[in-house]
Amino acid sequence: MGPSTRPLISRKAIDQAVCRLGDQINTDFAREPLTLVIVLKGAVFFGADLARVLRMPLTMEFIRAQSYRGDQSSGQVIFRRLSDPIIADRNVLIVEDILDTGRTTAALFEDLRRQAPARLALCTLLDKPEGRKVASEADYTGFQIPNYFVIGYGLDYNERYRELPAIHIMEEFPPSADVNRHEGR
Ligand code: IMP
Ligand code: MG
């Protein structure tokens with residue numbers, strides 16, 4: 001039994017947003033070298049597409065973020081690196097799939113700032129401003145959306161549906177999935 005979904009953002013609209021964001025970032029960072037810190041797993045497609053419209057010398061780092069919300073009020077975010085990102089004195093752009101409570105981003109900013117990058121900015125494909133629990137703002141946003149749960153183009157539900165080319169609203173959740181949607185992403 002497949003999930004009940006409704007299309008929200010088409011492939012074409014995603015491509016247009018990637019180009020628009022790329023133009024802005026190319027302008028703002030000029031020809032200065034830039035390090036993309038792509039947050040796994042959700043931002044992998046977006047990061048790959050964005051990287052290919054950027055025109056400055058790029059390096060790419062990947063970081064895995066996992067949030068645990070057993071205690072709602074003290075949501076805790078854990079990072080795992082594939083390798084130590086070298087970002088001291090570099091311009092750094094964090095690439096996220098979606099900004100919701102803001103906890104992942106806030107923790108990531110704190111973590112990366114310790115390594116003293118020259119400049120630290122955030123680009124997110126999606127933003128759900130209604131979900132915000134801690135102050136967090138993106139410098140570059142693809143789409144602001146209402147408080148839907150969305151899947152596709154990297155975004156998962158319980159590790160599924162990342163491969164869908166476009167973004168869909170998940171309207172019903174499988175009854176078996178007594179899953180904490182915020183765990184293990
Ligand atoms: P937050 O801003 O710390 O709450 O977390 C952002 C992360 O939550 C994202 O990187 C996603 O992994 C996950 N997330 C939030 N909303 C959704 C959604 O609608 N679909 C899929 N994942 C989501
Ligand atoms: Mg994620």
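The first residue in the sequence is number 1, and the count goes up from there. All ligand and atom numbering here is 1-based and tracks the order in the structure.
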- Query: Judged by non-hydrogen atoms, does Tyr148 sit under 4.0 Å from ligand 1?
  - Reply: yes

- Quick one: which ligand 1 atoms are inside 4.0 Å of a heavy atom on Gly102? 1 (P), 2 (O), 4 (O)

- Proximal atoms of ligand 1 relative to Arg103 (non-hydrogen, under 4.0 Å): 2 (O), 3 (O)

- Item | In one Ile/Leu/Val/Met/Phe/Trp/Tyr side-chain cluster, 4.5 Å: Ile86, Met56 | no

- Item | Contact partition for Val150 relative to ligand 1, non-hydrogen atoms under 4.0 Å | both

- Item | Contact check, Asp156 vs ligand 1, heavy-atom distance below 4.0 Å | yes

- Task: Would you confirm whether Asp139, through its side chain, and Leu122, through its main-chain N or O, come within 3.5 Å as a donor-acceptor pair?
- Result: yes

- Using the side chain to side chain contact (heavy atoms under 4.5 Å, CB included) rule, pick out the option among Leu8, Ile169, Leu164 that qualifies with Ile151. Leu164

- Query: Do Asp97 side-chain atoms and Leu155 backbone N/O form a donor-acceptor pair below 3.5 Å?
  - Reply: no

- Which bit of Lys133 gets closer than 4.0 Å to ligand 1, counting heavy atoms only: side chain, backbone, both or neither? neither

- From atom 3 (O) of ligand 1, work out which of Ile151, Asp100, Thr104 has a heavy atom at the shortest distance. Thr104

- Given Leu36, which of Ile94, Leu93, Thr59, Ile25 fulfils the side chain to side chain contact (heavy atoms under 4.5 Å, CB included) condition? Leu93

- Atoms of ligand 1 under 4.0 Å from any heavy atom of Lys128, numbered from 1 in the order shown, are 16 (N), 17 (C), 18 (C), 19 (O)

- Query: Shared ILVMFWY cluster between Leu58 and Tyr140, side chains joined below 4.5 angstrom?
  - Reply: yes

- Item | Thr105, any N or O under 3.5 Å of ligand 1 N or O | no

- Asp28 side chain reached by Arg119 side chain, heavy atoms, under 4.5 Å: yes

